[in-house]
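To start, the structure under review is shown below, and the notes come after it.
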Amino acid sequence: MIADLVAAPARQQEPLKTLAHVEYQLRVLGLLCAAAAGGPTELTTPGSLDRWATYISQQQGSLDCDTCQTSALVVADSINTEIAPGMPLRRMRNQVFHGGPDPQNVDLDALHQVVEDNATRIVRIHEHGHAANLEPFFLLVRGEPAALQDYSSATATYWPRRGPATDISDQATLDALQKLGLQGGDRMFESFAADIEKDLRGFAKPGSVQTLVDPPEPIAARWELRTSEGSVLRVDHFELDVDHARIWRSDAGPRPYKAFLAEICKWDLLKERLLEGLDEQLELEKKISDELFPDLKRHIPNVPAQVHIANGPFGEGRDVTITEACARISQQAGIYNACTNLITLTGEAGSGKTHSLLQFARESLSSGEDLSPLAVYISSSGASANSLDTLLDARMAPTRILDKRSVLALCRAGLVILVIDGFDELLGFRTYDNPLTGLKPILDELRGKGTVVLSARSSYSEARLLRSLTARDALAWPPYMTPLELLPWRPEQLRALTSQLPIEVDGTGTPQEIRQLLTTPFFCLAFVDWMRTGSGEFMQFVVDTYLQRERRKMPGQGGNDLFSSEVLADIFSEVSELIARNVVPEISGEDFELAASLALGRDLNKEEKRRLVALCGLSAEWADDELAFKFTHLAIAEQFLARQIARLPLDQAVSLLFSVPISPLCAQLILSMWKSQGRGQPTELVMELQHKVSAAYASDAHLPGASLSLGALWAKVHGVGEGPRTGRYISVENLELSGPGQVTLVDARVQNLTVQPGVELLLVSGHVERLDLSRSGASALLGDSYKHVRELLMHNELAVGRPSIKRALGLADEQSADDSDNHFKANITRARGPIIVKRDYAPDENSQLHWVSDYGLDTWQAFVRRMQKEGKISVEKVNASGRPKVRLRPTESFDA
């Protein structure tokens, strides 16, 4: 390993690279001296040529051999070797890397003799065996030996002989480095230099970036900028001002570091090329919409969409327009927050996520403001990439300026906001179970900086992401996650749309089942189109309109349609089931033919197979070297999945719902179609699914998908029913209870629960994040249901935690220390693992530790301190960037 790292370069290599290799040799020898010490060391990272020479001179005593000590001193002194008239190697290196002129009359033989002699001496020192273990000073990174460059509590950087440095977040390595007590120099200065080097790799010719850090002198970077005509040598200088702002010393004077990055990426040209690519995306979206609703979609931009922003850096937990939310995100993009800002935008299919994000990107690219952040829109829909890494490279290639590394450099600096639309559709994310797997490489590259917006149609995928982030305390660069929820359209938004059209909509005369669907732009457009025709049943009209456009693409011989509308509907219904069961947004060509065969009840003939792929409702995309097919609009997929469930025999419908999580929109469509087929209310469907879910939970099976399906249907059928009702093991984000009677929820998981007048609510186990009794009053809550509520909204107050909730309900406060202790102990035991909290023991804002605040934060903090003092809980530091955290771990005496 060591011999390869320090070996002299080929004699034809340019002198400047040979100069840089001398510093690398001294780094290797310094690390060998540190390794030989076998314990804590005064090693300073990342170090410079002079510092390594000084360190070797001071630490050569760790080499238990006079010959090796002498050799080490000779290597350290080699930087004073004269390799040009009056120019020692050290002075030449500093002059060149500070942007001075290349020295004349360099004695190349003398220079190469230095590196050859150094290599020989270092290898002999290593072979003498002074260090029993080279780790963690040296590691194999991707099969290549590499030497330690820099270290922090969150990551370590290793520098191979060839190629760029690599960040390592392996916890065992970080723990080993921490025990060594490594010293830091001017950390802010060196951190800036490390960021410069990392940023430049996205724009530089590979292997050309070389930096010199020698405080208080400015940081010098010598590198070669990639251009379409070749590479251009540059030397740039950087410094920190009195307020620690990062400054680029340009020819025109001091400028912000952002201005440097903007110059090397040709800012104005980049905006033009990104805008060209975005216009293609906008045209594609318009084409798909116009196929369904000609001359209607153009009116949507005039109707502002509303989003709910969770508490955090972008808002105070209130509703704003999507335009205002995006403006806040842009304003925060350039502010350092110690964590990457990860914003998740969720909403049902057809709610306008793609349209809103495309408009956000277009406005950012059209802005005349100097260096305001650009929203770089990247669609995952139908992408052939199987990871975010390859997706970024593919989407940036048309700019001919950026690639994955350079766009992430701009994101770290706050010049770019990454907007990844359809995150849950990205091919390769074959399951919702661990969305963090695909996101982690990007978070590691961003190193706790930048802003990323992810859109997903499923709040379930957002919940899975949040759970993954909460559980992965060892994540090198955990982000700060802020949920944005695209809110359902209100009646006034529908009126704003129709006011622009030659049509009047009287909502009072519209059937309730239709009004409940008019919560997304897609269905509002369909409704307006239906009103213009004035005929048929609404849902049948939507499906028929869609199928008629499909049939025009499928003419058969003799003027007859190859497939009838009914057959096409059956095919799409089978396809929607296959997609839902596979938990992927597309199906293969083979599965597409299978779905058609199932719908027809026979094998397809050659003509049918050949023409099947022409269905524009299912767009064809290349994935994994074969065609894959997907619905062009997710609301259409929801419709046909609902149709499939509604037309199946009861036992088969229950089996499908048990296997596939459905959305609230799909549940509403099932309800509407169930009625239209003369089957009345789907109460029997809900009852049978309830029995199946209850039986599974009785056997300790964990079924989040089945609970979500049950919750979505239960909310539509029984949430608005009358009389006594019981829901068991349901999981639902928003549940509104209305109609007189008692509602009992057993082991339910509800995010937002609203109780209307006339309802009495009994909660048995389970958890409700927020309970709204502002309309019904405290008397609506029965028994000790308050124990299962995290937040309670009354008419004039929001109560958080059990003591506050009891006071708001007018209950006597009879709590004792035993009550709270038993509550905390039970939840800690139930967690079956360590509890990750902030240093003051408060839960993180995005944590799922809702039970921590049930008795108030002060009570919890006092409990932890008391348990630690009694030796029943150990408190351990968590090595992670961002807000300091600790791990609470119960000891063997915890239950005593």
Side-chain angles (χ1 to χ4, degrees), residues 467 470-471 473 697-698 700 702 728-731 744-751 753 761-771 773 778 781-794 798-876 878 885-896:
R467 180 178 298 180
T470 303
D473 59 283
Y697 269 91
D700 289 333
H702 183 57
R728 299 177 182 274
Y729 308 111
I730 68 172
S731 180
T744 303
L745 298 181
V746 181
D747 204 8
R749 298 290 185 271
V750 185
Q751 188 71 20
L753 175 56
L761 174 63
L762 177 63
L763 297 175
V764 182
S765 66
H767 174 72
V768 174
E769 182 65 22
R770 174 174 287 191
L771 176 62
L773 298 181
L781 199 60
L782 302 178
D784 62 356
S785 298
Y786 65 86
K787 292 183 177 179
H788 310 292
V789 176
R790 168 73 174 86
E791 297 179 357
L792 176 66
L793 180 63
M794 299 295 288
L798 175 64
V800 180
R802 188 170 297 180
S804 298
I805 290 174
K806 291 182 70 175
R807 285 193 295 272
L809 293 171
L811 301 175
D813 190 0
E814 299 174 354
Q815 76 175 63
S816 66
D818 287 342
D819 290 337
S820 58
D821 281 11
N822 291 336
H823 172 74
F824 294 139
K825 284 187 173 183
N827 280 283
I828 290 172
T829 302
R830 193 177 297 122
R832 297 180 181 178
I835 307 297
I836 307 299
V837 291
K838 289 191 276 190
R839 191 162 53 187
D840 64 352
Y841 309 137
D844 193 55
E845 288 82 355
N846 292 324
S847 174
Q848 297 298 294
L849 304 177
H850 47 78
W851 49 267
V852 162
S853 303
D854 283 349
Y855 281 86
L857 184 58
D858 292 343
T859 304
W860 159 255
Q861 291 170 323
F863 166 80
V864 174
R865 295 188 186 100
R866 182 158 37 84
M867 291 295 104
Q868 184 185 17
K869 186 176 181 180
E870 294 175 8
K872 296 181 178 180
I873 284 181
S874 65
V875 179
E876 306 164 357
V878 173
K885 298 181 179 68
V886 294
R887 181 187 292 109
L888 307 181
R889 197 186 298 275
T891 65
E892 292 182 359
S893 61
F894 180 68
D895 295 323

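- The line from CG of L793 to CG of L753 is 11.5 Å long, rounded to the nearest 0.5 Å.
- Rounding to the nearest 0.5 angstrom, the gap separating the NE2 atom in H788 from the CD1 atom in I805 is 11.5 Å.
- Atoms CZ and CG, on F894 and L888 in that order, are 10.0 Å from each other to the nearest 0.5 Å.
- Between V864 and V837, every side-chain heavy-atom pair lies at or beyond the 4.5 Å cut-off.
- Annotation for S785 and L763: closest pair OG-N, 2.8 Å, computed over non-hydrogen atoms.
- Contact annotation: the side chain of P890 never approaches that of I835 to less than 4.5 Å [non-hydrogen atoms, C-beta and beyond].
- In summary, the aromatic rings of W860 and F824 are positioned with their centroids under 6.0 Å apart.
- When atom types are taken as modelled, the side chain of E791 and the backbone of L798 share no donor-acceptor pair closer than 3.5 angstrom.
- Residues D821 and R866 have side chains in contact (heavy-atom distance under 4.5 Å, counting atoms from C-beta outward).
- Scored by the salt bridge (charged side-chain N to carboxylate O under 4.0 Å, His left out) test, E870 finds K872 as partners (sequence neighbours excluded).
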Audit row: L773, L761, side-chain contact (heavy atoms from CB on, under 4.5 Å) steps and yes/no: CA-CA 10 Å; L773 298 181; L761 174 63; 5.6 Å; no
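- For the pair Y841/I873, no side-chain contact is recorded, criterion being any heavy-atom separation below 4.5 Å from C-beta on.
- With hydrogens and angles ignored, the 3.5 Å screen pairs no side-chain donor or acceptor of T744 with any backbone N or O of L762.
- Rounding to the nearest 0.5 Å gives a distance of 11.0 Å between OG1 of T891 and CD of Q868.
- In plain terms, the two heavy atoms of D840 and Q861 that are nearest each other are O-NE2, 2.9 Å.
- Pairing each heavy atom of V746 with each of S765, the nearest pair is C-OG, 4.2 Å.
- Remark: L781 CG to L792 CG distance equals 7.5 Å, nearest 0.5 Å.
- At distances below 3.5 Å, not a single donor-acceptor pair connects side-chain atoms of H767 with backbone N or O atoms of R749.
- Of all non-hydrogen atoms in Q751 and E769, the two that sit nearest each other are O-CB, 3.2 Å.
- The NZ atom of K787 lies 10.0 Å from the NE2 atom of H823; values are rounded to the nearest 0.5 Å.
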